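Please read the structure below before turning to the comments.
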There are 2 protein chains.
Amino acid sequence: MIDKIYCVDVQPDMEGKRVKLAGWVYRKREVGKKVFIVLRDSSGIIQAIFKKELSEEAYEKAKKAGIESSVIIEGTVRADPRAPTGVEIQADRIEIVQNVDFFPITKDASEEFLLDVRHLHLHSPKVATIMKVKATMMQAAREWLLQDGWYEVFPPILVTGAVEGGATLFKLKYFDRTAYLSQSAQLYLEAAIFGLEKVWSLTPSFRAEKSRTRRHLTEFWHLELEAAWMDLWDIMKVEEELVSYMVQRTLELRKSEVETFRKDLTTLKNAVPPFPRVSYDEAIDILQSKGVEIEWGEDMGADEERILTQEFEAPFFVYGYPKGIKAFYMKEDPEDPRKVLAADMLAPEGYGEIIGGSQREDDYNKLVQRILEEGMKPEDYGWYLDLRKYGSVPHSGFGLGLERLVAWVLKLDHVRWATLFPRTPSRLYP
Amino acid sequence: MIDKIYCVDVQPDMEGKRVKLAGWVYRKREVGKKVFIVLRDSSGIIQAIFKKELSEEAYEKAKKAGIESSVIIEGTVRADPRAPTGVEIQADRIEIVQNVDFFPITKDASEEFLLDVRHLHLHSPKVATIMKVKATMMQAAREWLLQDGWYEVFPPILVTGAVEGGATLFKLKYFDRTAYLSQSAQLYLEAAIFGLEKVWSLTPSFRAEKSRTRRHLTEFWHLELEAAWMDLWDIMKVEEELVSYMVQRTLELRKSEVETFRKDLTTLKNAVPPFPRVSYDEAIDILQSKGVEIEWGEDMGADEERILTQEFEAPFFVYGYPKGIKAFYMKEDPEDPRKVLAADMLAPEGYGEIIGGSQREDDYNKLVQRILEEGMKPEDYGWYLDLRKYGSVPHSGFGLGLERLVAWVLKLDHVRWATLFPRTPSRLYP
Ligand SMILES: [Mg+2]
Ligand SMILES: [Mg+2]
């Protein structure tokens, strides 16, 4: 390991100190007998000045270094208010680890091209910042989960049945049989509550959906929780506390990073419990009053959700959905059998659904009936039905789309920017 | 949420206090006009006594409750040294949430049967304990990674190329093309270091291997790290520090859980840096001196590794493997071109490989040559080769099999016991 210091750790009070830095050439210009290189590493940037009079060899090498070349630079620290970070390096050595004559990504690159060369786009500090925020949001989530007594579990991806409808399953040959890629860990988390009560997992989930919207990926990271003994209202409290902690903690740890993406932090700061709760019935009324053509019983798509979010300056819940538009595993509302005990959490500013949650049907016969109503076969859900035969308990859970949450927090125009290597119907490479 | 208290939180100093508990009937016996129920929840167990004289209704109900029935019990706390946990509940109420007449898992259940009903096996406190230890090991890993400045990233599972050889790839139809399930996130992590330098990920990895050994699963959780500017010796230090922290921290947080699985903690306590380092050449000498038929240049399988581990009372490294038995992306040893800069970490007590790591080939031409030597096509690795064209840097990384580490720590006889729902060539269900 070379004995290097990160850009961000070079401070004005280190004036005169000798340092070594390693990274990539971010910007470069020549003025008279000086070469200015702005060096980039994972922490940030710093300017290094190569004066011909100080070292002709270093000056000549620096002149030759192309943008995004990997370099190791040595010199002395000089505080200078004119430098981009208030401090710069008076450089007298440079090792060009690999010179780059022409880096394919230029300022006028189209979004499609950036996705084509995503492996090189990852050089971008802007992309790195999104990834740091995403990492911090998961760090925050885990802090909250640990302190609130949830156990992490590691459910399978290779499965034999659908959770969210067979139409969006990816199918594969598993030796001499057929497997599918998990759409959700939920059914397996439900099994885990009988030993651990409160469990969570973070897994990739897969949806073979052709929908080319701003909020769909064929592969996304799914944070799911499931708890014994909780009803819908209990799990909604968990949801708002978790999301609130993730957002507030991220503002605490990465405020400047968040601010490079959105100037107005109002809705983020507003994300504190209790989040507003709107019934599906009220949501339909609101939409109809705004001229949206939607009838009771119909699902809200991205467009309807976007209109609804205009009413709120914080994340909010819509609860009490009609049975017909929700999944088979959701518990029937004992007070209104047309409905299920389900709630979605919607992010404001047009983002819409970030969480889908519900109380689960814990009654064996009702669950079998629901499976039949959906045109599925109870025998395909044998082990899952067993969970309602051997010490069934009331329980609830939810799934959060991590990229959707990050997209809202950073006001990204598409969830794909919240992913290292996005997967969409047309993108599997790089 | 019912206002319940966990079994473990009922303490002798709560004598006389009224409590409510919820869980499952773990054991039951009747003595005279008393019913003793040992209640199980996610935290542990506690004994509840139902005396006919105290409440005939509760007594009669308790008599009927079968093993693994879900129940809610109320009563007063009584310290009693004869009770299994030193404290018990004088119970006067019981609600049987769901009665279980016959729970399919009995004491004489075979391992194969336990796997057939894994969804019910998750009721077992022993299984729950393994899952808790696994969760704590990842918690520990993340603590270390955060404090050492590594960024978490979320690489894709759906990929277009092999990392560890095409023979063990699971293949699927991805709309109008072919995708594979990731064998390792490594190539994507290598791309991420150009913006973040030190990255890690935890992903499911897949190997379509028919090998039915004690240490193979077709789906496992893979903790992978990749770092710019590090050579093989640097990354080996990272490996031993990380593994040591995971083990020592787990002993700190879950010692009693670990001790239910292994009485002798010596090798775990020995897992402190520096771990012994043995060259591949020395390893071959050791094996040959023990009568093993192995020649220089041959790979060590599980059997050879097991014999080698008899020499060590702690995890250790084997480094400097012949090129022919290692992956194409490993850097050629500049001092001996027959070898690559690779090291595996082996766990003692017969467990063998838990980590595979190496310095990566960062030279474009050498990497192309290695790909050709392996009979693969450079054009299939287009984006990966690009990483050696645009600001290439020396870098190293490794992958740790989480279930293998847990299996060693808990002395399990098969990695499948370290998995919520194990996947092997013959097991895809439940
Ligand atoms: Mg919806
Ligand atoms: Mg090996």
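No experiment lies behind these values; they were computed from the predicted model shown. Naming convention: chains lettered A, B, ... in sequence-line order (proteins, then strands); numbering from 1 in each chain. Any value given below was found using the heavy atoms of this structure, including those in side chains, with hydrogens, waters and symmetry copies removed.
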Using heavy-atom distances under 4.5 Å, tell me whether L181(B) contacts chain A through its side chain, its backbone, both, or neither. side chain
With respect to chain B, which residue among P104(A), G149(A), A208(A) yields the maximal number of heavy-atom pairs within a distance under 4.5 Å? P104(A)
Heavy-atom cut-off 4.5 Å, strictly under: side chain, backbone, both or neither for L187(A) against chain B? neither
Is the shortest heavy-atom distance from the side chain of E219(A) to the side chain of P156(B) under 4.5 Å? yes
Can you tell me which portion of I72(B) sits under 4.5 Å from chain A's heavy atoms? Options are side chain, backbone, both or neither. side chain
Looking only at heavy atoms, the pair that brings K171(B) and L172(A) closest together is O-CB, 3.5 Å
Kindly indicate whether the side chain of M131(B), heavy atoms from C-beta on, has any atom under 4.5 Å from the side chain of Y151(A). no
Going by the angle between their ring planes, with limits at 30° and 60°, are F194(A) and H123(B) parallel, tilted or perpendicular? parallel
Is the shortest heavy-atom distance from the side chain of E152(B) to the side chain of R142(A) under 4.5 Å? yes
Contacting region of R388(A) [heavy-atom separation from chain B under 4.5 Å]: backbone
For the residue pair R423(B) and L158(A), what are the closest heavy atoms and their distance? NE-O, 2.7 Å
Against chain B, label Q139(A) side chain, backbone, both or neither, depending on which of its atoms sit under 4.5 Å from a heavy atom there. side chain
Side chain from CB out, backbone as N, CA, C, O: work out which of these in T178(A) comes under 4.5 Å of a heavy atom of chain B, or both, or neither. backbone
Pairs of heavy atoms under 4.5 Å with chain B: top-ranked of T129(A), T419(A), V199(A), L122(A): L122(A)
At a heavy-atom separation under 4.5 Å, does S426(B) approach chain A through its side chain, its backbone, both, or neither? backbone
Counting only non-hydrogen atoms closer than 4.5 Å, does L120(B) touch chain A with its backbone (N, CA, C, O), its side chain (CB onward), both, or neither? side chain
Which atoms of I193(A) are under 4.5 Å from chain B, going by heavy atoms: the side chain, the backbone, both sets, or neither? backbone
Pick one of side chain, backbone, both or neither for V71(A), based on which atoms fall under 4.5 Å of a heavy atom in chain B. backbone
Parallel, tilted or perpendicular: rings of Y174(A) and F170(B) (30°, 60°): parallel
Portion of V153(A) that has a non-hydrogen atom of chain B nearer than 4.5 angstrom: side chain
V100(A)/Y390(B) under side chain to side chain contact (heavy atoms under 4.5 Å, CB included): CA gap, chis, key distance, verdict: CA-CA 6 Å; V100(A) 177; Y390(B) 300 104; 3.8 Å; yes
So, for H119(B) and L387(A), which heavy atoms are closest and what is the spacing to 0.1 Å? O-CD2, 3.9 Å
Could you tell me which portion of P204(A) (side chain, backbone, both or neither) has an atom closer than 4.5 angstrom to a non-hydrogen atom of chain B? side chain
For D362(A), is it the side chain, the backbone, both or neither that has a heavy atom under 4.5 Å from a heavy atom of chain B? neither
Name the region of E143(A), side chain, backbone, both or neither, that has any atom closer than 4.5 Å to a heavy atom of chain B. neither
Heavy-atom pairs under 4.5 Å with chain B, option from G391(A), S70(A), A179(A) with the top count: G391(A)
Side chain / backbone / both / neither for E68(B) at chain A, heavy atoms under 4.5 Å: backbone
I235(A), part contacting chain B, at a heavy-atom distance under 4.5 Å: neither
Interatomic spacing from CD1 in I2(B) to CG in D234(A) - rounded to 0.5 Å: 10.0 Å
Under 4.5 Å heavy-atom distance to chain B, tell me which part of F206(A) shows up: side chain, backbone, both or neither. side chain
Let's go through L428(B) and Y180(A) carefully: what are the C-alpha distance in whole Å and the side-chain angles of both, what is the deciding distance for side chain to side chain contact (heavy atoms under 4.5 Å, CB included) to 0.1 Å, and is it a yes or a no? CA-CA 10 Å; L428(B) 181 61; Y180(A) 303 100; over 6 Å; no
Residues G195(A) and A128(B): closest non-hydrogen pair is O-CB, 3.9 Å
May I ask you to decide if the ring planes of F421(A) and W383(B) are parallel, tilted or perpendicular, using 30° and 60° as cut-offs? tilted
So for W229(B), is it side chain, backbone, both, or neither that comes closer than 4.5 Å to the heavy atoms of chain A? both
The interface call for W24(A) against chain B, heavy-atom contacts under 4.5 Å, is side chain
Between CZ on residue F154(A) and CE on residue M138(B), distance to nearest 0.5 Å: 6.0 Å
Measure K389(A) against the heavy atoms of chain B and call it side chain, backbone, both or neither at under 4.5 Å. backbone
Taking side chain as everything from C-beta outward and backbone as N, CA, C, O, which of these in D101(B) sits under 4.5 Å from a heavy atom of chain A? Side chain, backbone, both or neither. neither
V97(B) versus S392(A), closest heavy-atom pair with distance: CG1-O, 3.6 Å
